Structures are given as structure tokens and as C-alpha cells.
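Some notes on the structure that comes next.
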2 protein chains.
Amino acid sequence: MKKRAESMAENRAKLLAAARKAFAAHGYAAASMDELTSSVGLTRGALYHNFGDKKGLLSAVVDQIDSEMADYAHQLGAQAGDAWQGLLVEGTAYIEMALNPEVQRIVLLDGPAVLGDPSQWPSQSSCLQSTRQTVVKLIADGTMQQVDAEAAARLLNGAALNAALWVAASPEPKTVLPKAIEAFRVLAGGFLAKAN
Amino acid sequence: MKKRAESMAENRAKLLAAARKAFAAHGYAAASMDELTSSVGLTRGALYHNFGDKKGLLSAVVDQIDSEMADYAHQLGAQAGDAWQGLLVEGTAYIEMALNPEVQRIVLLDGPAVLGDPSQWPSQSSCLQSTRQTVVKLIADGTMQQVDAEAAARLLNGAALNAALWVAASPEPKTVLPKAIEAFRVLAGGFLAKAN
DNA sequence: AAATTTGACATACGAACTGTATGCCAGATA
DNA sequence: TATCTGGCATACAGTTCGTATGTCAAATTT
């Protein structure tokens, strides 16, 4: 005799967890909803009732992972010495997190293909929001040149995440990762205000 | 009484052209192979004989578009004053080309999701090869800092193409495009060797 | 030049998947 | 206690891809 809402929340969580696994393992297109739901003792009925359709389920999963990433990166960045170092740390963190197959497959590959550009996701992409905030601060205090904050955030994130895809696809990720991080930091330096 | 090879080449070209349209219009997943083939007076028999499977067809289309992009960008870059300006022109060209829905949908969204990271495409991504060459030259002549050429090319391309996705998804692309280009050029400046 | 073979493409079939429409029953409500 | 709501299961319809088989024109051989 569980409460109604409680058991429903449990099922939602079960489905989300199963979807994370299934999407990461087989990719969005090849993930079978029948298999996914039965793996947690439910049927597609529960899925379509809770998430509307397959795309809705992906959207929820992307939202969850994206939030976790933003939280972690933001927290790491806040520990850095100054805000500029924080930005670099954040970027580095994105590169490293994107080596996780779950992040890569779901957020970087299938996410944009199925849901469209991250900037128009329901979650508005927490990752982008987070780095945008930092950028705004850095422009205000004169550390960064006066460029469009949104654009700068997009470029930094795009570069970082793309670098991660490259590292992950390379035959020797361990060797290539430091090169990617180094190049990212050098590149990001372009935004620094010229010292006069 | 056409020659065998000739009529086969015609059919291949017809299918490729139809696939470009269909993939761009509906996306890879939603593009029906029956509809696509019958639109040029053929059946799926011709398709599976020529391209193996649906993925093979996408691969061929991506290859074609990617080559066209690289050719155009490289040609434009070569007209610039010096090699550094050429790199910036190339990057700008990628941003502008990626506003084309065909490029965006097929090469930037569905391509990576279905075929994996561009660096492991059969074509090896002509776009990446092209900018990598320029980067190598610029490092050799001391214009750019000594970073890994592959990494630099990946970061620049990633930033540019990602910026384009952002511009295209924005409500007012015309207004946002110049901001993206400006930010890209500032960012790329990070790779410049420090003037001593 | 006639006969034979090849292979490019069409046709037919099977399996899988998504989304919807309907039914059922535990738990909420009165 | 009786009624009702709604979360979830079940059954069904419509598509789609990939393969296996057939066919006929064009190339090859004799």
C-alpha cells in the first residue's frame, strides 16, 4: 500500500536510469523501448504515460546528465584561484567528462541530432548557462575582451566538447588528452584582454 | 542501349542527389528509403545494391558535402593576404556555410550521431584535413604557438561549427552572425605567438 | 552472330519498432 | 462502503529496414 505519487516517482526514476544505460549502450535509434522498460519490470505503457514519447525520454535523460555536468564543472571552477583560472578549469573538466561514453553518446551525439541545438533544449543546457555566467563576470572585471558573452560561451564549450570527441575517438586517448587540454588553454587565451 | 557503367553512374548520382534532399528535409532517421528512391524512378533494390545500407548512403552524402565545403573554404582562404588571415577566412567560411540547412542537418547533426566522430569518417573529414594543413604551416613559420596541429585544427573547427549551430538556432541569425564571427576571430588569436 | 553468363535492379517477404486505443485494477475521494 | 480517478498493461495498426529471390538487358564467349 504505497502512496500513489511515491510509486510513480519510483517508476520514473527506474525508467530514467534504464534509459541512461540503454541509450549509452546502443545509441538512441537502436535502443528498444520494449527491452528498456521490461528490464525494470515495466512496459511501454508506463513510459508513454510518463514521458510522452521516445524523444521525451531522451530529453529527460539529457537534462539529467547535463545538469550533473554543469554542477560538477561549476563547483570545480569555483575552487580555482581566480575567475579566469576557474574558466579554464571548467573547460578542462568538460573535456574530461566528455570522455565518459554516457556523456558522449547521449549528450554530444544523439542529443543534438534528435533534440536540435543545445541552446534550444528545454533545460537550455545548464553547461552553457554556467560558462556564460563566468564569461559575463570576466568581461565585467576587464579580464576578458569585450565580446558577446553568449558567443564566447558557445565557442568555448563547442571547442571543449569537440576536442573531447576527438580524444575519445583517437587510438590512444591517454596520450592525446593532455595535448587537447593544452591547446584548449592556449586557444582560450585569445579572449584575454591585451596587457597594455 | 546505354552502356552499363554509364547508366549505373547516372543512377548513383540520382540517388545521391535525392538523398541529400531527403536527409536535409526530414533528417536521417525520418527519411524513408522507399520514398527517396521512388522519387527518382528507382526502388530500394538500386539503393542497397549501390550503397550497402542506409548508413552507407549517408556516408556517401556526407563525403560529398564535406568535400565541397573543404574545397570552397580552402580556395577562399588561399586568396587572403597571408596564411593567418587565410585561417581566419576559412573559419569564417565554415561558420557561414554551416548556416545552410543541408550542411547543418546532414554534416553537423546526423553525421556524427550516425557515423561517429568526423576524424574517423571514411573521408577523414576533408574540412579537418584542410585546416590542419594551414595550421602546420603557421606553426612552422612561427606565426602560431607550438601546439599540437591536430588539436588546434579540431578546436578551431569545433568552435566554428558549433558557433554556426548556435547562430542558426537563434531567433535572429542576421543579428547574431557577426557576433559569432567576431568572437571566433578574437578566440583564434589565442594561438598567435606572443609578440616579443 | 548465336549462345551463355553476368550483374544491376525490381519484387516479395520477414522481423522489429513506435505510437495509440482500449481495458483493468489499486488507491484516492466522498 | 461505494464511486471514481488515473497509472499502467495489453492489443493493434502502420511503417520501416534489410535480405532473399527473380528478371532481363548488356557484356562476353565461342
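To find a chain, count down the sequence lines: A is the first, B the second, and so on, and within it residues start at 1. Treat the numbers as computed from the prediction; the structure is a model and nothing was measured.
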Which atom names give the shortest non-hydrogen contact between [X] and [Y], and what distance separates them?
X	Y	result
B:Ala160	A:Leu155	N-CD2, 4.5 Å
B:Pro118	B:Leu128	CB-CD1, 4.4 Å
A:Ala180	B:Ala151	CA-CB, 4.4 Å

Enumerate all atom pairs, one protein N or O and one N or O from nucleotides 21-23 of chain D, separated by less than 3.5 Å.
none

side-chain contact (heavy atoms from CB on, under 4.5 Å) partners for A:Asp66, two or more places apart: A:Ser123, A:Ser125, A:Ser126, A:Cys127

Partners of B:Val176 by side-chain contact (heavy atoms from CB on, under 4.5 Å), sequence neighbours excluded?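 Checked B:Val176 against side-chain contact (heavy atoms from CB on, under 4.5 Å); matches are B:Trp166, B:Val167, B:Ser170.
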
For [N], does OP1 or OP2 lie under 4.0 Å from any side-chain N or O of [X]?
X	N	value
B:Asn11	C:dC9	yes
A:Asn50	D:dC8	yes
A:His49	D:dG7	yes

So ring pair (Phe, Tyr, Trp, His ring centres under 6.0 Å) across residues 20-74 of chain B, not counting sequence neighbours, yields B:Phe23-B:Tyr28

Provide, to the nearest angstrom, the distance between the [atom1] atom belonging to [X] and the [atom2] atom belonging to [N].
X	N	atom1	atom2	value
A:Leu57	D:dC8	CG	P	14 Å
A:Leu47	C:dT20	CG	C1'	14 Å
B:Arg12	C:dC9	CZ	C1'	15 Å
A:Phe23	C:dC17	CZ	C1'	13 Å

Show the numbers, then the answer: is there a salt bridge (charged side-chain N to carboxylate O under 4.0 Å, His left out) between A:Asp148 and A:Arg132? CA-CA 10 Å; A:Asp148 187 84; A:Arg132 204 187 83 93; over 6 Å; no

Scan residues 89-111 of chain A for pairs that pass side-chain hydrogen bond (donor to acceptor under 3.5 Å, both in side chains), counting only residues two or more places apart or in two chains. A:Arg20-A:Glu102, A:Glu90-A:Ser130, A:Glu90-A:Thr134, A:Thr92-A:Arg185, A:Arg105-A:Asp110

Could you go over nucleotides 15-18 of chain D and give all protein N or O partners under 3.5 Å, atom names and distances?
unit_1 : atom_1 : unit_2  : atom_2 : d
D:dC17 : OP1    : B:Ala31 : O      : 3.1
D:dC17 : OP1    : B:Met33 : N      : 3.3
D:dC17 : OP1    : B:Lys54 : NZ     : 3.2
D:dC17 : OP2    : B:Met33 : N      : 3.4
D:dG18 : OP2    : B:Tyr48 : OH     : 2.5
D:dG18 : OP2    : B:Lys54 : N      : 3.3
D:dG18 : O6     : B:Arg44 : NH2    : 2.4

